[in-house]
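Please read the structure below before turning to the comments.
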Amino acid sequence: MSKAYASLKRAYGSGFISDIAWHFANYVQRLDSQAPASVIVAAALVSESAVSGEIRLELAHWGGSCVFEEHHSAAYMLPEMEVWYQELKTSPLVSDGESPAPLVLTEDRCLYLYRYYELERRLAALITLRSGPIPVEIGSNEIEKTLDVLFGDDPLSGDQRNAARNALDHRFMVISGGPGTGKTSTVMRTLRMLWRLTDVSPARTLVCAPTGKAAARLREVMGLELKAGDDASGFLGDAVTIHRLLGWQPGGKFKHGLNRPLNCDLLILDEASMVDIALMVSLLEALPKEARLVLLGDRDQLSSVEAGAVLGDLCRAADKGHPIGSVTSLRHNWRFGRHSEIANLAAAVREGQTQAAVEFLNEPRSDAVVFVDPGGEKKLEHLVRDHIVPIYKELSQRVISGASCLDIFSMLDQVMVICARRNGVGGVNDVNRQVRAQLRTLSLASDLEFYLGLPLMVTKNEPTLGLFNGDVGVVTGGTNMTDLKVVFQRANQEHVAVSINRLPECHPAYALTVHKAQGSQANRVILVLPETDSKVLSRELVYTGLTRARESVEIWSSLDVFSAAVSRSAARPTGLMERF
């Protein structure tokens, strides 16, 4: 057994690498039993990076360093970068991307899994194909007149107006902005303009989002923003998940793709920051060549759970002058004024201004932002009991008393508890367990898997029921298990009930991870960070958590953990920008 293999085995046993990385390293070693140790370790590292969302490994950041904890028995010292680069370059396990191989090494000394190298190449080609301008045969007077009707003469809507104007002569568009900057309002007005001035048909305009929760919110907003009118005749306005739009099938394949494109002139994708590189490629490949695409999202939010950071890469590429269609950033915030505590704290966090953010928490100006240091596991239990349990106590009592679905979801939308991670003290599982235990003492919860008032989040797509990963419902019905149903909210405040025995895989949803909370908002948010620093913490995570709140946010954390999070960026190394 080589020293490298022994280190990998101990790293796997100690939790430094995942099952996927361990099995991939074993796989490449079986392909080439003579492979240098540094190549096998590199295979494990690049696979582990993909698990954490990064699609490539930059050798310059790793060469000559110790991996798997310096003072641990699993520690392994990688060769200096030049030596490591040459060993990888000459290995039959590694190619330059022109021929299939488990690993791909680029000239700029970055290592990929072949699958992600191909996805990145295909995505860049698909975007480049759509990036050229479209000839416009509309007089400037007519364009300006239409823009005046849609936007008026409000100088604060300048960015929105420019985004709509750019949509006329671009097939590929990105509109980025934080919550409250009017992304949805902008795209709705842009739709009206395209329907009036171009051959884009309302009936062939499709709208989608990455999760059921985000799609439901988009449907609701669209219902308010886009009232039926002559120019919207035929528009279905039915925002669906990407998986539903593409026709997800068991086995992970889609009905729509290169050989069976979508029937559309224009596709709107909301919450684009949540879309990973593989799903974005599938979406673009299913789009007809002449169709337009508009991506909406917040470039500063967390990237997708899966590998890639597509929206952020596109915005950064535009910042550097790469011609990738039209990229517009909305700067004016319509929801939060200049003196909004939430907006000002979020801005400091977004920019990585740790000291300013901490000073802001130390000198609160109102109840809009509240900072609480749990000071240990015991105090956290008291906080859960005093601040979270009453919320779900009232929810359960309303369900038991037979409240309407409208009333139940209205309350559920008032407060959102979000955690930085799933496991550990202060994680989703911990908070869910505590809430359930304390409700049990009030006879409002039971040891059974399902009971009245239990909020649930779907974690597995079930297209036949119209349920998708991220959908949130509440258990309602009678006192017998056979009578229990889970109610989900649909567009225009419509609701659908699914019996317990038909329910897809789901988890309790008293608390959600920040990732799962993306695409949704609540009047009040409780953001729970872990008691000790963790590699999952970043300024993007904190920013995303803060901006779920409309009116107020409570941050449960120590100042040290909060500071560490704000000082760390979750930006992922990719080569997409270089490909443009």
Side-chain angles (χ1 to χ4, degrees), residues 179-180 211 213-214 216-217 220 335-336 340-342 345-346 364 366-372 374 380-401 403-420 426-439 442 444-445 452-457 470-476 486-489 493 495 507-529 541-557:
T211 67
K213 199 176 182 92
R217 178 175 167 271
E220 183 180 350
R335 181 182 307 158
F336 301 120
S340 164
E341 284 198 66
I342 295 175
L345 176 59
S366 73
D367 292 335
V369 175
V370 176
F371 182 77
V372 181
L380 179 64
E381 291 180 6
H382 292 307
L383 286 172
V384 171
R385 181 195 65 198
D386 296 339
H387 292 254
I388 299 178
V389 170
I391 300 166
Y392 293 109
K393 174 185 175 183
E394 183 177 349
L395 178 67
S396 296
Q397 289 172 334
R398 288 193 187 188
V399 172
I400 292 169
S401 65
S404 68
C405 293
L406 193 62
D407 187 31
I408 291 169
F409 280 93
S410 174
M411 181 183 176
L412 200 61
D413 288 341
Q414 292 300 307
V415 185
M416 186 187 306
V417 181
I418 50 182
C419 306
V428 164
N429 291 337
D430 181 40
V431 173
N432 280 334
R433 176 190 58 77
Q434 289 190 50
V435 173
R436 185 171 189 156
Q438 295 195 38
L439 287 177
L442 300 171
L444 294 173
L452 292 177
L454 173 67
L456 292 169
M457 172 172 276
D471 286 348
V472 173
V474 179
V475 178
T476 64
V486 181
V487 176
F488 296 88
Q489 186 161 268
Q493 297 184 327
H495 300 90
H507 292 150
Y510 293 119
L512 311 174
T513 62
V514 176
H515 270 293
K516 290 293 187 183
Q518 282 182 270
S520 59
Q521 294 175 335
N523 288 346
R524 174 185 167 213
V525 164
I526 298 174
L527 174 61
V528 186
L529 302 186
L541 181 142
V542 175
Y543 170 82
T544 303
L546 291 175
T547 53
R548 299 311 90 207
R550 297 190 192 99
E551 297 175 2
S552 66
V553 61
E554 291 180 27
I555 305 167
W556 296 2
S557 171

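For the ring pair (Phe, Tyr, Trp, His ring centres under 6.0 Å) test, no residue two or more places apart in sequence or in another chain qualifies with His507. For Ser404, the side chain to side chain contact (heavy atoms under 4.5 Å, CB included) partners are Leu406, Asp407, not counting sequence neighbours. Residues meeting the side chain to side chain contact (heavy atoms under 4.5 Å, CB included) test with Ala509, sequence neighbours left out: Pro455, Met457, Leu512. Residues satisfying the side chain to side chain contact (heavy atoms under 4.5 Å, CB included) test with Val389, not counting sequence neighbours, are Val384, Gln438, Leu439, Leu442. Taking Ser552 as the reference, Arg524 meet the side chain to side chain contact (heavy atoms under 4.5 Å, CB included) condition, with sequence neighbours excluded.
Evaluation of the salt bridge (Lys or Arg N to Asp or Glu O under 4.0 Å) test over residues 385-396, restricted to residues two or more places apart or in two chains, returns Glu394-Arg398.
A donor-acceptor contact shorter than 3.5 Å is absent between the side chain of Asn523 and the backbone of Arg550.
Looking at every heavy atom in both residues, Tyr510 comes nearest to Tyr392 through O-OH, 2.8 Å. Between Val431 and Ile388 the shortest heavy-atom distance is CG1-CD1, 4.1 Å. For Leu395 against Gly453, the heavy-atom pair with the smallest separation is CD2-O, 3.8 Å. Summarising the geometry of Cys419 relative to Ala511, their closest heavy-atom pair is SG-CB, 4.0 Å, with the distance given to 0.1 Å. Here the closest heavy-atom approach between residue Glu551 and residue Ala368 is recorded as O-CB, 3.8 Å.
A distance of 4.0 Å separates NE2 of His495 from CD of Gln489, quoted to the nearest 0.5 Å. Here the CG-CD1 distance, from Leu383 to Ile526, works out to 9.0 Å after rounding to the nearest 0.5 Å. If you take SG on Cys405 and CG on Leu412, they are separated by 12.0 Å, rounding to the nearest 0.5 Å. The distance from atom CD of Gln414 to atom CZ of Phe409, rounded to the nearest 0.5 Å, is 14.0 Å. Atom CG of Leu456 is separated from atom CG of Asp471 by 11.5 Å, given to the nearest 0.5 angstrom.
Side-chain contact between Val487 and Ile408: absent, with no pair of heavy atoms (C-beta onward) separated by less than 4.5 Å. Using a 4.5 Å heavy-atom threshold, the side chains of Ile391 and Met411 count as touching. The shortest side-chain heavy-atom distance between Val399 and Val475 does not fall under the 4.5 Å cut-off. In this structure, the side chains of Lys516 and Val428 stay at 4.5 Å or more apart for every pair of heavy atoms. You'll find the side chain of Leu380 reaches within 4.5 Å of the side chain of Asp430, heavy atoms only. Side chains of Val514 and Leu527 form a contact here, defined as non-hydrogen atoms less than 4.5 Å apart. Using a 4.5 Å heavy-atom cutoff, the side chains of Leu444 and Ile400 are in contact.
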Test log, rule side-chain contact (heavy atoms from CB on, under 4.5 Å), inputs Thr544 and Ile418: CA-CA 10 Å; Thr544 303; Ile418 50 182; over 6 Å; no

